[in-house]
Amino acid sequence: MPSPCFQGNECGGTGFHVKVPGMDNDQEPIRVRFAPSPTGHLHVGGARTALYNWLLARKSGGIFILRIEDTDISRSTEDNIRQIMESMLWLGLDWDEGPDREGKHGPYRQMQRLEIYRRAADELLGSDKAYRCFCSKEEIAAEREEARRASRAYVYSGRCANLKPEESAACEADGRGFVIRLRAPSGGTTVVNDLIRGEVSFDNALIGDIILVRASGIPTYNFAVAVDDSQMGITHVIRGDDHLPNTPKQLMVLEAMVKPAPAYAHLPLILGPDRTPLSKRHGASSVEEFRVRGYIPEALCNYLALLGWSYDAETTIFTTGELVEKFSLGRVGATAAVFDNDKLLWMNGYHIRNLEPEKLSLRLEEYIATTRLSGLPGTGGRPGIEELIPLAQEKMKTLADFVELTDFFFLPPTYEDKALAKLRKDELAPEILIRAAGILSGIEPYDAETIEEALRRAADEMDIRLGKLLQPVRIAVSGKLVTPGMFETLAVLGKEKGIDRINAAIKMARND
RNA sequence: GGCGCAUUCGUCUAGUGGCCCAGGACGCCGGCCUCUCACGCCGGUAGCAGGGGUUCGAAUCCCCUAUGCGCUACCA
């Protein structure tokens, strides 16, 4: 359903149309891109944008492109580029074309595409759709100030729009720097046909002759994006809401270059609890931080997908495969969403519980290497990760929880103050511990089932509840108030270690 | 200031004129299960920003107001 894009005086009659590939009987594959600016790590907002692009590409058998927008040379770094790619791969968002996967539309870093922008600018200059502007920054600032005083929107005056060739040449000979501006329509409206918001129109008179190329020769964002999207054959531009007001500018550039426009979908922002755009101020906000805190990509993708998109009224849990199958732009909402750590945490626990144990074991192995348990599991007679997964999996909400839940299997227990206090307050504790140590020493085979049987019998004989008996034992062997199931814990810990710790705790229980 | 976007339980959302005195999920509260903590199960709390229209009928359509956010850069 093509719709007129410009209805202005200058171009209303030209019948420029927006092409919406993939939305009708068009057979061309969808080509989408994620275009981060490497001025920081991959943020959850950016991750969601990348995810939606990736989902659409994978769902339709299209192409997902990673393009680095590094024209802000003062803030872009190589390290950030590497980090962003690492985070994307960790999430499972792989790209078909990108800085390390050159395709016929490359290169994929804007600073390596300067020649392409130069050619595009020259063409526009040649066809008089753009012109050189020699106004100094001071002159522009004065215009802006004047507009402000008159309480008018600032629009470039167009002072250099009609410079004669000899005037232009004279200025250049004078050594005055210049920018290249688009000769933009001064009247009419530009309408953006957004897949999420519908038609949004902008008054051309309020936009003016935007700068295409800076005095430094580096293109501005709006120019580079329009050139790249066009040259890379992008069919759908899916990006943050903050770009909506930029879209008419890009449409104007495309129009001047006589290129078709892609379809646009502007995603609402992700907010912090205070309803301002999510940022570092709100705590964890980069994908990397979530990885370090023990979140798994399945959960982060699921959560991010649901932040702005829904499948139906009921379903909240999706595997990444299901997301690929079910995602659609049509069901993306238009309202900004507050990032809810509680829900993400719950979802992370859910996905951890649903991981196959072997898979969880692999994840933990990698994760533990970065913690104080590094190198310990499975060495020196200590249990391996796979032995502990049955005890810990259903209790973990993050991979980090595994460390807290199982450290006493690998290291001598450190007695928590609260646990110690509890042990000392329990008058029966010494007796229970002495008895437990005795019972345990006679158990054969030393497995969870046999231990359970014996300890249950003991509780019966002492006429106390099982919990009453187990709690001192728990504290004795772990130093904690919370552990995996006691019978399994004792079995995996081993007879000798268990009894030693219980004996040691008897003294503590007596307040010695 | 100008322009633009948005507004359903605390949070994420379902809802496209009657199926809604609004459904699901997280959180919270209560209960069950239970060796602790989780998990699981059962139940509960809580919302259509406000005001005008249109209509037999509005969360759904229109207008206004309010609030929030974005853009208004030789940042992206």
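Side chains included, hydrogens not; waters and symmetry mates left out as well; all remaining heavy atoms used. We name chains A, B, ... by the order of the sequence lines, and we start the count at 1 in each one.
Across all strands shown, Arg331(A) has heavy atoms under 4.0 Å from sugar-phosphate atoms exclusively, and none from any base. Within the nucleic acid shown, Phe487(A) comes within 4.0 Å of at least one base atom, counting heavy atoms only. Counting any heavy atom pair closer than 4.0 Å across all strands shown, Thr483(A) reaches a base atom. Contacts of Thr39(A) with the nucleic acid, taken as non-hydrogen atoms under 4.0 Å apart, are absent. Among the protein residues, Ala334(A) comes within range of the sugar-phosphate backbone only, with heavy atoms under 4.0 Å from sugar or phosphate atoms but none that close to a base. Within 4.0 Å (heavy atoms only), Cys135(A) reaches at least one base atom of the nucleic acid. Residue-level contact check: Arg149(A) touches neither bases nor backbone, having no heavy atom under 4.0 Å from any strand. Nucleic acid contact class of Thr315(A) (heavy atoms, under 4.0 Å, all strands): none. Using a 4.0 Å heavy-atom criterion, one finds that Gly308(A) contacts the sugar-phosphate atoms exclusively.
As rounded to the nearest Å, U60(B) and U54(B) have P atoms that lie 15 Å from one another. Annotation: C5(B) and C37(B) have their C1' atoms spaced 46 Å apart (nearest Å). Comparing the P positions of C26(B) and C64(B) gives a spacing of 40 Å, expressed to the nearest Å. Using atom P as the reference point in both A46(B) and G10(B), the two lie 10 Å apart (nearest Å). Comparing the P positions of G15(B) and G51(B) gives an interatomic distance of 26 Å, to the nearest angstrom. Atom name C1', nucleotides C62(B) and C19(B): the rounded distance is 25 Å, in whole Å. Atom name P, nucleotides G1(B) and U65(B): the rounded distance is 14 Å, in whole Å. Between A38(B) and G24(B), the distance separating the two C1' atoms is 24 Å to the nearest Å.
Take Glu404(A) and apply the side-chain hydrogen bond (donor to acceptor under 3.5 Å, both in side chains) test, not counting sequence neighbours, and it matches Arg372(A).
Checked against U36(B), C35(B), U11(B), the side chain of Met486(A) finds its nearest nucleotide in C35(B). Among the nucleotides A6(B), C3(B), A25(B), the one closest to the side chain of Thr316(A) is A25(B). For Glu394(A), whose side chain is taken as the heavy atoms from C-beta onward, the closest listed nucleotide among C12(B), A38(B), A6(B) is A38(B). Of all nucleotides listed (U7(B), G4(B), C26(B)), G4(B) comes nearest to the side chain of Val200(A).
Taking the nucleotide of RNA chain B with the nearest heavy atom to each of Arg197(A) and Ala337(A), the more 5' of the two is matched to Arg197(A).
If you check distances only, the side chain of Lys395(A) never reaches the base of C39(B) with a donor-acceptor pair under 3.5 Å. Counting atom types as modelled, Arg353(A) pairs no side-chain N or O with a base atom of C39(B) as donor and acceptor under 3.5 Å.
Aromatic ring orientation, Tyr311(A) versus Phe318(A): perpendicular (interplanar angle above 60°, classes split at 30° and 60°). Aromatic ring orientation, Tyr295(A) versus Phe290(A): perpendicular (interplanar angle above 60°, classes split at 30° and 60°).
Annotation: the span from Ile317(A) atom CD1 to Tyr303(A) atom OH amounts to 12.5 Å, rounded to 0.5 Å. Between atom CD of residue Glu139(A) and atom SG of residue Cys160(A) there is a gap of 7.5 Å, rounded to the nearest 0.5 Å.
For Lys326(A), the NZ atom sits in a packed shell: over 12 heavy atoms of surrounding residues, nucleotides or ligands are nearer than 6.0 Å.
Rounded to whole Å, atom P of G40(B) lies 10 Å from atom CD1 of Ile317(A). If you take CH2 of Trp346(A) and P of C37(B), they are 22 Å apart, rounded to a whole angstrom. Taking atom CD1 of residue Ile196(A) and atom C1' of nucleotide U7(B), one finds them 17 Å apart after rounding to whole Å. One interatomic measurement links the two molecules: NZ of Lys397(A) to C1' of C39(B), which rounds to 9 Å at whole-angstrom precision. As rounded to whole Å, 16 Å separates atom P of U36(B) from atom CZ of Phe408(A). At whole-Å resolution of the value, CH2 in Trp309(A) and C1' in U13(B) are 12 Å apart. Atom NZ in Lys343(A) sits about 14 Å away from atom P in C28(B), given to the nearest Å. Look at CG on Leu304(A): it is 15 Å from C1' on U13(B), rounded to the nearest Å.
Screening residues 298-320 of chain A for salt bridge (Lys or Arg N to Asp or Glu O under 4.0 Å), with sequence neighbours left out, gives Glu298(A)-Arg363(A).
Arg132(A) forms a cation-pi arrangement with Phe178(A), by the criterion of a distance under 6.0 Å to the ring centre and an angle within 45° of the ring axis.
A 3.5 Å limit on both hydrogen-bonding distances identifies no Watson-Crick or G-U partner for U55(B). Searching all strands for a Watson-Crick or G-U wobble partner of C35(B) with both distances below 3.5 Å returns nothing. Base pairing of A25(B): its partner is U11(B), meeting the Watson-Crick or G-U wobble criterion (both donor-acceptor distances under 3.5 Å). Pairing of C19(B), defined by two Watson-Crick or G-U wobble distances under 3.5 Å, is not identified with any nucleotide.
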Letter by letter from the 5' end, nucleotides 60-73 of chain B scores (B base, S sugar-phosphate only, - none; protein heavy atoms under 4.0 Å) --------SSSSSS
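The salt bridge (charged side-chain N to carboxylate O under 4.0 Å, His left out) test with Glu143(A) singles out one residue from Arg159(A), Arg152(A), Arg148(A), Lys137(A), and that residue is Arg159(A).
At a threshold of 4.5 Å between non-hydrogen side-chain atoms, the residues Leu206(A) and Phe202(A) do not count as touching.
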